[in-house]
Amino acid sequence: MKKINKLLYLFFVSVFIFSACNNLTENSLKEEIPEGYGLVSGQIDCNSHYRSAFNVVLPDQNIFYKVIAEDSEGVLDTVTATAVKKNATFVLQDTIKKNTAKYQLMLPYGTWNITIEGYTAYSYDAETEEEVYTTKTLYGSIPDVVVSSSNYYHSNLNIITIPALLDSDETGTVNLPISVTAATVLGAKAEWVQNIDGTDTPLTQTLLISSGETAFTMIADNGVNASGVPSGSYFVRFSFYDSADCAGTLLYTCTEAINVLYKVLSETNCWVKSEVSNSPHLFYRNYETDEYVADFIITDKVIYDALNDPGKFAGKGYYSLNVDDIIISIDDPEISHDIQTEINVTAAKNNAAGPKTDITADAADWNIALLNDAGDDITAAGGFIITGKKILCPVGIPYDETFKLYVSFCYNNKYYSCTFDLKVQPEYNFYSIPIDVSTGEKATAASTEVYFGVFPKTVLPLSSAITINEKRKIILGNNIYYLGSDGEYYAKVLENGYGTSYKYSDNSSVKQSSANSYRYFKLEPIKWKVLTTNYNSTGKALLHADMAIMCNIPFYVSTSSRTISGTTVTATDYKYSTVRAYLNGAYEAGDTQAAEYLNKGFMQTVFKSQAQSLIASTILSDSSNVNDKIFLLNLTEVTSTALGFPTGGFGSSAKARIRRPTDYAKANYSYDGGSDVSGAKYMLRGAPSGSSIRKVDNDGDTSTTNNYGVGSPTDKKIALVPALCITLE
């Protein structure tokens with residue numbers, strides 16, 4: 001006892017020295033330490049997970065410590081120094097914060113083992129007038145310390161506390177309550193790993209939900225039981241599902257650290273909010289009982305908030321809620337790789353009797369986002385534009401990736417959300433290079449017919465089972481196309497037939513504008529005839545459309561002359577014509593007509609940018625030397641035998657010059673003779689006079705007799721048969 005009293009005396013001296021000599025050098029410290037003693041100081045670090053109620057230090061609490069030194073022989077009683085609240089007796093440091101504290105001991109020469117006991121709560125015993133530390137003990141130690149004449153000063157010796165020592169022989173119990181108020185949560189499970197003897201044993205427990213309540217007791221078939229959970233720190237993953245067997249949709253997931261302490265039984269029955277956890281746990285203090293209470297409650301709002309921040313939702317499962325017969329819908333689960341797509345979102349409520357009620361406008365707090373396969377929100381980064389309840393998908397979405405469209409909203413104070421798998425269609429075949437019609441391979445100088453570019457052509461038969469989704473549309477140049485259930489695109493046209501008895505290819509009638517009738521026309525490759533591979537000695541192939549593919553575009557919008565840059569320009573001047581502007585999507589400087597087709601003419605509608613770059617610019621010497629990519633043939637060319645045309649004639653003798661109108665052209669006011677020797681009338685560049693334009697008549701006649709080969713510049717029933725030049729190797 002004499003030696004013990006001496007140690008206690010020296011400890012009190014050490015406290016005084018510590019407070020008075022904080023900045024002393026090692027040599028000056030040696031002078032202050034009595035002979036035969038050394039100074040041991042350091043910091044206590046607490047490394048508990050602290051995400052369950054075990055030893056959690058709440059905002060206004062401290063951890064209180066006992067620092068214990070015992071010699072290596074174990075024969076001495078312990079020398080105790082207690083760190084308590086600020087300004088209390090035996091303070092080792094003026095401020096003791098949550099998880100750290102500093103200690104300082106003066107010890108006789110010898111080998112010492114220093115350990116600590118820590119507490120998160122204490123009480124005051126009025127009878128003994130002592131503070132009693134009673135709850136949730138922590139333990140920790142540092143390696144043996146040798147104190148000697150040559151090794152008398154030890155600093156920065158950290159004691160790392162391990163509040164949940166892993167020991168299969170020491171156990172605790174777990175019984176943590178969980179409340180579930182989200183009506184769609186029907187099942188839950190907990191998963192964790194038990195690491196004893198160096199092996200990882202995965203454990204799973206299904207949590208049975210009854211009347212909105214369940215509890216985690218760490219019971220599993222493979223050895224863990226309520227009577228003795230091996231002590232340790234466990235990370236437990238909780239998952240909540242829309243099916244009791246946990247085989248359905250994952251609605252919410254979070255991970256909690258649970259510390260099971262030896263020597264602490266039945267201490268695991270409450271939760272405390274973690275500062276770093278994204279869990280729904282909430283805690284509050286009951287000031288009457290001075291207790292902290294925490295709730296683990298899974299609500300609709302919890303799930304909703306998690307899904308509104310998909311980057312933090314680790315489950316990669318998504319909330320699909322259909323409570324109260326609420327139905328969320330989108331136009332179509334497909335978006336296109338290389339054309340802009342718009343998706344519309346709607347919500348409806350089922351009625352027991354009668355049709356659904358649209359609640360789209362009544363719902364609030366709409367949130368729409370596009371998620372990648374990892375669950376990350378890529379809406380902004382991917383160039384997607386959210387407008388109200390619409391998402392505009394840009395061109396160039398990778399079609400080898402997986403996407404989900406996440407939608408949520410609030411209706412009648414309840415939150416609803418779901419996700420849709422989005423399929424990205426592979427790149428549409430725009431025939432951006434010439435393809436030989438007969439071989440299906442890239443066209444060569446030997447090709448006589450090629451596919452190049454796309455344009456509406458054939459009517460969708462009235463008997464077809466193909467459906468058109470008008471909410472899935474793309475815009476190419478001057479045309480809008482809608483997705484068909486066959487994966488193809490279709491133009492929607494208000495029929496404007498010129499003849500009253502015209503027929504489409506499906507033998508249905510071409511209706512006139514007065515019928516106010518719409519039909520769909522399939523987007524198809526344009527077939528071109530290769531007239532020569534050395535047009536005007538340029539080494540370029542001259543391609544001429546094999547059908548009259550467009551109509552209702554006049555040569556010029558008026559028959560009147562106009563003045564441009566001080567020069568009189570007639571209505572038949574090809575340089576300033578409407579048809580030339582339409583074909584190229586460009587206008588001459590000073591042109592007075594409205595720029596309706598600027599950058600969205602035939603070329604931009606038919607050809608992607610890659611294809612446009614392949615088309616040669618051709619100088620048209622007979623038309624003021626204009627330099628065009630798309631143009632019309634002239635009279636000389638359509639009567640040239642070198643280009644495969646007869647010099648004159650009509651009917652069967654001029655079949656090489658006759659062009660039948662497509663279904664699309666018929667719906668756009670084209671003339672149609674109705675046979676292979678009587679097709680469309682189509683215009684040429686060049687004019688015989690200031691008031692008429694050149695054309696090829698429906699039977700191939702180009703003569704001026706009875707005006708067969710001429711027409712008015714404003715005549716919209718005269719169709720277009722475009723031409724272009726390109727290199728074919």
Side-chain angles (χ1 to χ4, degrees), residues 430-432 434 437 443 449-457 476-479 491 521 523-532 535-536 540-556 574-575 577-587 597 599-608 611-612 614-620 622-623 626-638 640 643-645 656-662 664-666 668-671 679-686 693-696 716-726 728:
F430 288 99
Y431 287 85
S432 292
V437 171
E449 290 183 321
V450 300
Y451 290 127
F452 188 41
V454 291
F455 203 66
K457 181 180 180 181
L476 297 178
N478 200 44
N479 281 7
F521 299 83
L523 189 62
E524 300 178 61
I526 298 174
K527 183 190 291 187
W528 306 82
K529 292 182 178 295
V530 181
L531 303 184
T532 178
Y535 179 58
N536 290 343
K540 307 294 182 183
L542 175 63
L543 307 186
H544 192 226
D546 80 327
M547 297 186 75
I549 60 179
M550 183 54 182
C551 201
N552 208 25
I553 305 292
F555 189 94
Y556 182 61
Y574 185 72
K575 180 178 180 180
S577 66
T578 302
V579 69
R580 177 174 174 246
Y582 167 75
L583 291 174
N584 292 276
Y587 293 79
Y597 305 114
N599 297 322
K600 54 179 181 180
F602 178 83
M603 183 169 66
Q604 293 81 15
T605 304
V606 169
F607 302 106
K608 299 280 283 183
Q612 293 178 35
L614 300 178
I615 303 172
S617 294
T618 301
I619 297 175
L620 305 176
D622 63 331
S623 301
V626 296
N627 195 356
D628 291 352
K629 286 199 169 188
I630 312 294
F631 53 92
L632 301 178
L633 298 185
N634 62 20
L635 178 63
T636 300
E637 291 163 345
V638 297
S640 168
L643 298 179
F645 297 114
R657 196 163 40 238
I658 296 172
R659 295 290 188 266
R660 293 294 310 278
T662 63
Y664 182 74
K666 292 177 192 178
N668 281 284
Y669 207 64
S670 174
Y671 182 91
K681 304 172 187 285
Y682 62 94
M683 65 182 72
L684 305 172
R685 72 178 193 271
I693 62 168
R694 279 287 187 180
K695 68 176 175 64
V696 175
K716 292 186 177 182
K717 69 177 178 294
I718 304 176
L720 306 184
V721 183
L724 59 87
C725 287
I726 195 169
L728 294 180

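Position 1 is the first residue of the sequence; numbering continues from there.
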Just wondering, do [Y] and [X] contact through their side chains at under 4.5 Å, heavy atoms?
X: M683; Y: V579; result: yes
X: V437; Y: K527; result: yes
X: V638; Y: L684; result: yes
X: V450; Y: V530; result: yes

Side chain of [X], backbone of [Y]: donor and acceptor closer than 3.5 Å?
X: N584; Y: I630; result: yes
X: S640; Y: T636; result: no
X: N668; Y: C551; result: no
X: K629; Y: I615; result: yes
X: S623; Y: Y574; result: no
X: R685; Y: L632; result: yes
X: K681; Y: A719; result: no

Please round to the nearest 0.5 Å and tell me the distance separating atom [atom1] of [X] and atom [atom2] of [Y].
X: S577; Y: F555; atom1: OG; atom2: CZ; answer: 4.5 Å
X: N552; Y: M550; atom1: CG; atom2: CE; answer: 6.5 Å
X: K608; Y: Y431; atom1: NZ; atom2: OH; answer: 15.5 Å
X: L523; Y: N479; atom1: CG; atom2: CG; answer: 8.5 Å
X: L720; Y: L583; atom1: CG; atom2: CG; answer: 6.0 Å

Show, in sequence, the C-alpha distance, side-chain angles and deciding distance for I553 and Y597, and conclude whether the side chain to side chain contact (heavy atoms under 4.5 Å, CB included) test is met. CA-CA 11 Å; I553 305 292; Y597 305 114; 3.3 Å; yes
Under a 4.0 Å threshold between the charged nitrogen and the carboxylate oxygen, would E637 count as salt-bridged to R657? no
Salt-bridge test for R580 and D628: reply yes if a basic N is under 4.0 Å from a carboxylate O, no otherwise. yes
To check you understand the geometry: which heavy-atom pair defines the closest contact between [X] and [Y], and what is its length?
X: F631; Y: L724; value: CE2-CA, 3.8 Å
X: S432; Y: F452; value: O-CE1, 3.6 Å
X: G477; Y: T605; value: CA-OG1, 3.4 Å
X: R659; Y: A548; value: CB-N, 3.9 Å
X: Y671; Y: G679; value: CD2-O, 3.5 Å
X: I549; Y: F455; value: O-CE2, 3.3 Å

Angle class for the W528/F607 ring planes (parallel below 30°, perpendicular above 60°, tilted otherwise)? parallel
In terms of ring plane angle, is the pair F521 and Y664 parallel, tilted or perpendicular, where the classes change at 30° and 60°? perpendicular
What do the steps show when you test L542 against I726 for side chain to side chain contact (heavy atoms under 4.5 Å, CB included), and what is the final call? CA-CA 7 Å; L542 175 63; I726 195 169; over 6 Å; no
Going through the checks in order, is the side chain to side chain contact (heavy atoms under 4.5 Å, CB included) test met by F645 and H544? CA-CA 12 Å; F645 297 114; H544 192 226; 4.0 Å; yes
Test side chain to side chain contact (heavy atoms under 4.5 Å, CB included) applied to K529 and L543, step by step: CA-CA 5 Å; K529 292 182 178 295; L543 307 186; over 6 Å; no
The criterion is side-chain hydrogen bond (donor to acceptor under 3.5 Å, both in side chains); which residues satisfy it with K717, sequence neighbours excluded? D715
Does atom NZ (K575) have a neighbourhood of more than 12 heavy atoms from anything else shown, all under 6.0 Å? yes
